2 protein chains.
Amino acid sequence: MRSNAEDLTTRARIRDAAIGLFGREGFVRATVRAVAAAAGVSPGLVIHHFGSKDGLRYACDQHVLAQTATQGREKSDPESTGQLLRDYLNHPDQYLDEIAYIRRVLIDESEAGDAFFDAVVRQTQDIIHAGIEAGTIRKFDDVRSTAVVIASNSLSILLLGRHLSRTLGTVGLEPHGIGPDLLRQLTLPALEIYTHGFYTDSRFLDAARDALQQDNTSGGREHAL
Amino acid sequence: MRSNAEDLTTRARIRDAAIGLFGREGFVRATVRAVAAAAGVSPGLVIHHFGSKDGLRYACDQHVLAQTATQGREKSDPESTGQLLRDYLNHPDQYLDEIAYIRRVLIDESEAGDAFFDAVVRQTQDIIHAGIEAGTIRKFDDVRSTAVVIASNSLSILLLGRHLSRTLGTVGLEPHGIGPDLLRQLTLPALEIYTHGFYTDSRFLDAARDALQQDNTSGGREHAL
DNA sequence: TCATAGACTAAACAGCTGTTCAACCGGGAT
DNA sequence: ATCCCGGTTGAACAGCTGTTTAGTCTATGA
C-alpha cells in the first residue's frame with residue numbers, strides 16, 4: 001500500500017523529500033536547496049516542478065491530505081481502528097514522515113491543518129454516535145463538543161510525543177516520533193480515565209455547572225473581549 | 001503583579017518585544033530587525049544586549065519560565081487553581097504573549113519546553129496525590145502515567161486552541177489564542193468525561209489489558225525498532 | 001533527419017539574514 | 001574640566017535565501 005520503491009517520478013521524489021524535511025525541520029528551516037539535495041536534484045528543478053516553495057508546500061499538503069484521507073475512510077468501526085493501530089505498531093517508521101508533517105501542519109496555521117483537524121473531529125463524532133447507539137459509549141448532551149475534546153486529547157500525544165516519551169523514559173523513534181513503547185504505556189491510564197472517570201464523584205462537575213449557570217444569568221458576559 | 005508600565009529597561013523592552021514576536025511568528029520567522037523595530041531600537045543594540053539571536057531566545061526562555069514558575073507555585077489546591085483561571089478569564093489579553101510563547105516552546109524542541117512540561121506534569125502529579133488522599137480523585141495504579149495523560153490532555157487546548165475555537169465557532173483572541181468562550185464551552189464536556197467516563201462499561205479497558213498482557217508474555221517485543 | 005518540448009543543471013541575481021564595526025552621545029567619576 | 005564608559009546608532013559585511021536565466025541533454029514525433 002506504500003510506494004517505498006525507488007522508481008518514482010522525479011517530481012514525486014522531490015515532493016517526498018520535501019514532506020520529510022518540512023515535517024522534521026519545519027517549513028521555514030527547510031530550504032529549497034536542502035530539499036533538492038535530499039532528492040538528489042538541483043534547486044532550480046524544484047522550482048521548475050512546483051513553481052515556488054509555496055507551491056511545493058501546497059503539493060505536499062494535498063498529497064499528505066489525500067494519503068490520510070484514504071487511510072481514514074471506513075475506520076468508524078472500532079474493528080478497523082484497532083487494525084490501523086496494529087498496523088502502525090508493526091511498521092512505525094513507515095508513517096514517520098507523514099506523521100511529522102501532519103504535526104507541523106496542525107501547528108502552523110494552514111488550510112491543510114484545518115481540513116485534517118476537522119476530519120478527525122468528524123470521524124470522532126461518527127464514532128461517538130455509533131457507540132451511543134451500540135451502547136458502548138455514554139450518552140452525551142453535546143456530542144460535538146465531546147468529540148472535539150476527545151479529538152483534542154487524542155491529538156495531544158501527536159503534538160507532545162517528544163515530551164511524553166521523554167518524561168516517561170520510553171524510547172522514541174525520532175525527536176517527535178511516537179514509539180510503540182509510549183503507546184503501550186499510555187493506553188491503560190487513558191482508558192482507565194475514559195471508563196471509570198478521573199474524579200470519584202460529580203462534585204467538580206456540579207460546581208462547574210453551577211458556576212457557568214450563574215455566569216449566564218448574571219447579565220451576560222462579564223469578561224470583556 | 002505585572003509590569004505593564006512603560007518604565008522598563010531597554011533590555012527588558014527588547015526582551016518583551018521578542019517574547020511577543022517569537023510567540024506570534026516563531027523563532028525563525030521573527031527577525032532581529034523586527035524585534036528591534038518592535039522595541040523601537042536599532043538591530044545592533046539587540047545583539048549588544050544579548051550577544052546573539054540565540055542569546056535573546058535564551059533570555060526569553062528564562063524570563064517566561066521564571067514568570068510561570070512564580071504563578072504556578074502553590075496552586076496544588078483546587079482553590080487557587082480556580083482563582084488563577086478566573087484571573088485569566090478576566091484579563092486574557094494580558095497573558096497572551098506569554099501563552100503564545102509557551103506554546104511555541106512546547107512545540108520546538110528546547111530545554112525551556114522540557115522544563116515547562118515537566119513542571120506541569122509534576123504539579124498534576126501533586127494534585128492527583130492530594131486528591132486521592134482527600135478522596136476526590138480515584139486511586140490510580142500508575143499515578144505518574146495518569147498525570148502525564150492529564151497534563152497532555154490539558155495542554156492540548158493550548159496547542160490546538162486555534163482549531164478548537166475554529167470548529168466550535170467561538171471567538172478567539174488571536175490566531176492561536178484561547179478565548180473565555182472556548183473555555184466555557186469545553187469545561188462541561190471535559191468534566192463530564194472526567195467524572196462519569198467516556199465508555200459505558202469496562203469492555204475496552206479489559207480488552208486492552210488482555211492485549212497488553214498477551215503482548216508481554218509472548219516472548220517480549222515483537223515490534224522491531 | 002531534424003525539430004521540438006520538456007527534464008535538468010550551473011551560475012548568477014537581488015533581497016534578506018545575523019552580526020560587526022566605527023563612531024557618537026550623555027552622564028558620572030576623577 | 002576632563003576622562004571615560006555603557007548605551008546607542010547607521011552603515012557595512014558575509015552568508016544564505018528563493019528565484020531566474022541561459023543553456024545542455026534526451027527522448028519523442030513528424
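Order of the sequence lines fixes the chain letters, A, B, ..., with proteins taken first and strands second; residue numbering starts at 1 for each chain. Note that the coordinates shown come from a computational prediction; the quantities given were computed from them, not determined experimentally.
In this structure, A:L45 atom CG and D:dG18 atom P are separated by 15 Å, rounded to whole Å. Between the CD1 atom of A:I47 and the C1' atom of D:dA22 there is a distance of 17 Å, rounded to whole Å.
Heavy atoms only, all atoms of each residue included: A:A151 and A:T124 are closest at CB-OG1, 3.9 Å. Across all non-hydrogen atoms, the minimal contact from B:V28 to B:K53 is O-NZ, 3.7 Å. In this structure, A:V143 and A:Q125 approach most closely via the heavy-atom pair CG1-CG, 3.9 Å. Between B:R15 and B:A59 the shortest heavy-atom distance is CD-O, 4.4 Å. B:V41 and B:I14 get closest at one heavy-atom pair: CG1-CD1, 4.0 Å.
Using a 3.5 Å distance cut-off with no hydrogens or angles, the side chains of A:S156 and B:S156 do not pair a donor with an acceptor.
B:S165 places none of its side-chain heavy atoms less than 4.5 Å from the side chain of B:V171.
Note on B:H48: a side-chain N or O is less than 4.0 Å away from OP1 or OP2 of D:dG7. Distances shown here put a side-chain N or O of B:H49 below 4.0 Å from the OP1 or OP2 atom of D:dT8.
Taking 4.0 Å as the cutoff to heavy atoms of chain A, we find the contact window on DNA chain C bounded by C:dA7 to C:dA12.
A salt bridge links B:R184 with B:D181: the distance from a Lys NZ or Arg NE/NH1/NH2 to an Asp or Glu carboxylate oxygen falls below 4.0 Å.
Taking the nucleotide of DNA chain D with the nearest heavy atom to each of A:G51 and A:T31, the more 5' of the two is matched to A:T31.
Residues from residues 52-62 of chain A with heavy atoms under 4.0 angstrom of DNA chain D, sorted by number: A:S52, A:K53.
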